[in-house]
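Following: one structure in structure tokens, then a few remarks.
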Amino acid sequence: MFNKLIALINKYSNDGFTDASEKLNKFISTTGDFIEILLQIGTIPESISHDSTEEKLFSKASDAVLSRAFREIGLKSTVISERADAADVIARSQFHGYSLVADAKAFRLSRTAKNQKDFKVAALSGWRNDSDYAILCSPYFQYPRRQSQIYAQALDNNVCLLSWEHLIFLLEQGIRESEEIDLSVIWGFCEKISHEIVVAEKKKCFFNRFDIGLVNSLGESWKEFDKILKTCKNKIIERGFAEKSYWESERDAVSKLTREQAIEELIRAKKINEKIQQIDTYLGGIRSG
């Protein structure tokens, strides 16, 4: 199903962003094999060009996947489409009255080291407005493993650092919020532990503690969580080989170019002609004025 999603992103890329986003949202909301998409949505395919329409649509698709995941665990959730500088997703509890905003993140496997600006934890806290909780959902193995400013920001602002893998665990275990199950115990984790961590320790990764807290609070088995995490890790490794193959084929194709073809490809890649045209357009406007 994930491959079909990518095919649809490429198919709809010329349909207008809003129309394409709605079509992708409909597909994601109705597809049967949702877990397979959830397993892979945290990794942007290398075949999708950086800063392209397809990349923007992939980001929008990740919002729809996150929103559906919230619905699958018993929340009412929708994707926010009309505002910039806002969270991607909103959700509300049907049983316990709280609301939350959430931001979906995906990264390329070829991406170099990430910093706090890539996660936008502090910004997400500001986007919550009147909502009770703010959640960042990123790939589990893309979070910094030792220390980072994002952990201090999460503790200071009560932002839940969730992962796609955590959501897979909840779905695989059949966890749904009800009158008896209140998932805010997960969303409010940082508020709970922020009073227990000294300032000097705030930047340290607390994922192990969060994992244990999530599993124990739901009365689930750590063995099952570890099993699902290993499944997710194997899927990433599988994707890694596929993404490497893409670049290897690209390298082979480039190595076969003639000198003239290589020059033309470089001019196109650097968008040199477009930049010259833009300067001419600007100067033309000045001359005519």
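Just so you know, residue 1 is the first one in the sequence shown, and it goes up from there.
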Student check: side-chain heavy atoms of [X] and [Y] closer than 4.5 Å:
X	Y	value
F119	P144	yes
E54	N10	yes
Y140	I236	no
S21	T18	no
I73	L171	yes
L218	L170	yes
S99	D130	no
I228	I168	yes

- Item | Co-membership, hydrophobic cluster, residues V185 and L75, 4.5 Å side-chain | yes

- Query: Linking I/L/V/M/F/W/Y whenever any side-chain heavy atoms sit under 4.5 Å apart, do F17 and L24 land together?
  - Reply: yes

- Audit row: F189, Y133, ring-ring contact (aromatic ring centres under 6.0 Å, His included) steps and yes/no: CA-CA 10 Å; F189 172 81; Y133 301 104; over 10 Å; no

Assess whether a salt bridge exists between [X] and [Y], defined as any Lys/Arg side-chain N lying under 4.0 Å from an Asp/Glu carboxylate O.
X	Y	value
E264	R268	no
E165	K235	no
K23	D15	yes
D226	K223	no

Angle class for the [X]/[Y] ring planes (parallel below 30°, perpendicular above 60°, tilted otherwise)?
X	Y	result
W222	F225	tilted
H166	F207	tilted
F70	W187	perpendicular

Any donor-acceptor N/O pair, [X] side chain to [Y] backbone, under 3.5 Å:
X	Y	answer
K233	F141	no
R176	E72	yes
R108	P45	yes
D88	A104	yes
E191	N158	no
E46	Y246	no
W127	A102	no
D182	S184	yes

- Message: I'd like to know if the side chain of E274 pairs up with that of Q278 as donor and acceptor (distance under 3.5 Å, no hydrogens or angles considered).
- Response: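 No - no donor-acceptor pair under 3.5 Å links their side chains.
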
- Query: Looking only at side chains, do R71 and S67 share a donor and an acceptor under 3.5 Å apart?
  - Reply: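 Per modelled atom types, R71 and S67 side chains form a pair under 3.5 Å.
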
- Message: Please determine whether the number of non-hydrogen atoms from other residues, nucleotides or ligands lying under 6.0 Å from atom CD of E224 exceeds 12.
- Response: yes

- Are more than 12 heavy atoms from other residues, nucleotides or ligands located less than 6.0 Å from atom NZ of K202? yes

- Query: Do the numbers put R145 on top of the ring of Y151, so that NZ or CZ is under 6.0 Å from the six-membered ring centre and no more than 45° off the axis?
  - Reply: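 Ring-cation test returns no.
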
- Residue pair L5, T31: steps toward the side chain to side chain contact (heavy atoms under 4.5 Å, CB included) verdict: CA-CA 10 Å; L5 173 62; T31 185; over 6 Å; no

